[in-house]
Structures are given as structure tokens and as C-alpha cells.
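Computation of the quantities below employed the complete heavy-atom set of this structure, encompassing side-chain atoms and omitting hydrogens, waters and symmetry-equivalent molecules. Quick note: residue numbers are just sequence positions, from 1.
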Amino acid sequence: MSILDKIYELTVQGNYREIGEEVKKAVDDGIKIDTIINESLSKAMLYVGDRFGEGELYMPDMLLAAKTMKTAMDILKPLMKGDEHISEKGTLVIGTVKGDLHDIGKNLVITMAEGQGFKVIDLGIDVDYGKFVEAINEYRPDIVAFSGLLTTTLGNIPDHIKALEDAGLRKQVILAVGGAPVTREFADRYGIEIYAPDASTAAKEFVKALSEKK
Ligand code: B12
């Protein structure tokens, strides 16, 4: 079994005790961090979610998989920052939408954006509309990003945007949205400029949007 397969398996099994050693081995073998995240960790989470959706796995399984992914990311994150060409490109405010507690994907987007030189203000999970407004007033970000994993709470996106419009702030920022159930069509429906299916693409899109703005 390849080391990437092993990391995938350990994540699916929720084996947070052994994941660290394997992740370190993969890094020592020269496997790119991006590859470990995209080919093993994220794929494993997708698999666990699908089995949960089909009733084959349960909530504790999802929690263990999440804990395993977090353990792996705690090792990878500091390594990512080291090898980057950081210059402060711009400011990003990001949060998981109101009613939603998922944060693994958001945290990955943060890691990648920081790697691209962004200053990131993380508003956390279950973020109320007003919090985004406050953060824009305080930090004057270039980009405001919503992360959403639940179909139900993604329905709150228009309210998030309306809060920005009511505060007269919508035109001052570039909006971004992402999360497993989000699509390009969804973003277009609400006039959201940036959509990306994964964290590396997200960071690239942020950089591109800023260069087009300048
Ligand atoms: C782990 C997990 C949990 C953990 C969350 C732990 C945590 N700290 O985040 C726990 C166990 C707490 C949990 C709870 C629940 N969950 Co859950 N969960 C998952 C699971 C298995 C993985 C999510 C994940 O971390 N994926 C890995 C990351 C890396 O991927 P990602 O989040 O998609 O992010 C990537 C991209 O989407 C993108 N991205 C993410 N954000 C952003 C933002 C921007 C701006 C951009 C550009 C890109 C971007 O980049 C990321 C990195 O590549 C998914 C399955 C799935 N298919 O998504 C279900 C899933 C999302 N959960 C689901 C459900 C139903 C729930 C619960 C309602 C279960 C329950 N009955 O209580 C609760 C809801 C709690 C709440 N109010 O939020 C459903 C949602 C169904 C739906 N479409 O609405 C899913 C799809 C499982 C399923 N198939 O049924 N969950």
C-alpha cells in the first residue's frame, strides 16, 4: 500500500493516534503537502461523508475522521508557511455561515490563503450576519469569504449578502463562497465573484481577483 493510501485509510478509520507518524513519513519522502491534503485527507473525508449519508457510518465516525484530519493538519500547517514567498497580498475575512459548525474546509482555505501571503481574519463558525459587517468596517478586507457545508444553512447566503448591502459595504469587497455542496451556479445566482471547489484553487482565485482589481 502506498503511503498516500495509508494516510487515506487511517483518516477513514479515524485513527488519529497513528496518522501523525505516517504524515511525517510522507513529508520526509518528499511528497508535496498539497498532494497529501488533496489525494489522501480531503478524499477520505469525502468518503466518510458519503458513507454517513448512506447510513453506513455514524456521527462518532465523522468526528473521529475529523479529529484525524485535524491531527494531520496540525503537522502540515507549520511546514506550509515555511516554504512560501510571503508578501502581504491583501486581507481576507472568512467565516462559516450562520447555523453551520463545519470548519475543516474553512481552516484549509485559511492555510492556503496565508501561504499565498494573505492576512486572514477568521471569524470562526456559525457566524452571524452582523459579524461580517463589523469585520469589514474594522479590517477593510479585499475579500470576504463564506464557507458552508449544509444545504439548509447555505439558504442563509442571500441574508448574509443583504446585510452587507444594507450596510453599504457590498461593493467595497469581493465575495467568495465554497464548501462541499456549493457550485459555480450557486455563486452566480447570488452575484458572488469567487467560487472554488478546493482550498488550493481558492487561494489562486483570491490572488487572481486581487490582481484584476488593482
Ligand atoms: C466532518 C464532518 C462533520 C463534523 C464537523 C467537524 C468540523 N470541525 O468541521 C461534525 C461531526 C461535527 C459534523 C456535524 C454535522 N454534519 Co457533517 N460532515 C462532515 C464531513 C464528513 C466532512 C466535512 C469536511 O470536513 N470535509 C473535508 C473538507 C476539507 O472539505 P470541505 O469542507 O468541502 O472544504 C473544501 C472545499 O469545499 C473548499 N471550501 C470550503 N470552504 C470554502 C470557502 C471558500 C470561500 C472557498 C472558495 C472554498 C471553500 O475548500 C476546502 C478544502 O479543499 C461531511 C461530508 C462531506 N461530503 O462534506 C459531512 C456533511 C457536510 N455533514 C452533514 C450533516 C448532515 C451534518 C449534521 C447535520 C449531522 C447531524 N445529523 O447532526 C451536523 C451539522 C452540525 C452543524 N450545525 O453544522 C452532511 C450535509 C448534507 C447537506 N448537504 O446539507 C454531510 C455532507 C454528510 C452527508 N453526506 O450527509 N459533520
[X]: partners by side-chain hydrogen bond (donor to acceptor under 3.5 Å, both in side chains), with sequence neighbours left out:
X      : answer
Asn137 : none
Lys43  : Glu39
Asp50  : none

Where the side chain of [X] meets the backbone of [Y], is there a donor-acceptor pair that is under 3.5 Å apart?
X      : Y      : value
Asp122 : Gly124 : yes
Tyr139 : Thr91  : no
Thr68  : Leu64  : yes
Ser40  : Ile37  : no
Arg51  : Glu54  : no
Asp166 : Ala163 : no
Thr11  : Ala65  : no

Checklist entry - Does Lys162 pair with Glu165 as a salt bridge, N-O distance under 4.0 Å? => result no
Checklist entry - Do Glu193 and Lys171 meet the salt-bridge criterion of a basic N to acidic O distance under 4.0 Å? => result no
Taking a hydrophobic cluster as the set of Ile, Leu, Val, Met, Phe, Trp and Tyr residues connected by side-chain heavy atoms closer than 4.5 Å, whether directly or through intermediates, do [X] and [Y] fall within one such cluster?
X      : Y      : answer
Leu210 : Val109 : yes
Ile19  : Ile104 : yes
Val23  : Leu79  : yes
Ile174 : Val120 : yes
Val97  : Leu169 : yes

Looking only at heavy atoms, what is the nearest atom pair of [X] and [Y], with distance?
X      : Y      : value
Ile94  : Phe132 : C-CE2, 4.4 Å
Pro78  : Asp74  : CD-O, 3.2 Å
Gly95  : Leu123 : CA-CB, 4.4 Å
Pro181 : Leu149 : CG-O, 3.5 Å
Ile36  : Ala26  : CD1-CB, 3.8 Å
Pro141 : Ala135 : CD-O, 4.1 Å

Checklist entry - With no hydrogens and no angle check, do the side chains of Asp198 and Thr201 hold a donor and an acceptor under 3.5 Å apart? => result yes
Is there a side-chain contact between [X] and [Y] in this structure, where contact means two heavy atoms from C-beta onward sitting under 4.5 Å apart?
X      : Y      : answer
Val182 : Leu154 : yes
Arg140 : Gln172 : yes
Phe206 : Phe118 : yes
Leu108 : Met73  : yes

Spacing of [X] atom [atom1] and [Y] atom [atom2] [to the nearest 0.5 Å]:
X      : Y      : atom1 : atom2 : answer
Tyr8   : Gln13  : OH    : CD    : 11.0 Å
Met1   : Lys6   : CE    : NZ    : 7.5 Å
Asp142 : Ile136 : CG    : CD1   : 11.5 Å
Leu175 : Arg170 : CG    : CZ    : 3.5 Å

Checklist entry - Lys24: what forms a side chain to side chain contact (heavy atoms under 4.5 Å, CB included) with it, not counting sequence neighbours? => result Ile75
Item to check | Any pair counted as salt bridge (charged side-chain N to carboxylate O under 4.0 Å, His left out), so long as it reaches residues 92-103, sequence neighbours left out | outcome: Lys98-Asp128
Checklist outcome for this item: Residues pairing under side-chain hydrogen bond (donor to acceptor under 3.5 Å, both in side chains) where one sits in residues 176-185, two or more places apart or in two chains, turn out to be Arg184-Asp188
Item to check | Parallel, tilted or perpendicular, as decided by the 30° and 60° cut-offs, for the rings of His160 and Tyr129 | outcome: perpendicular
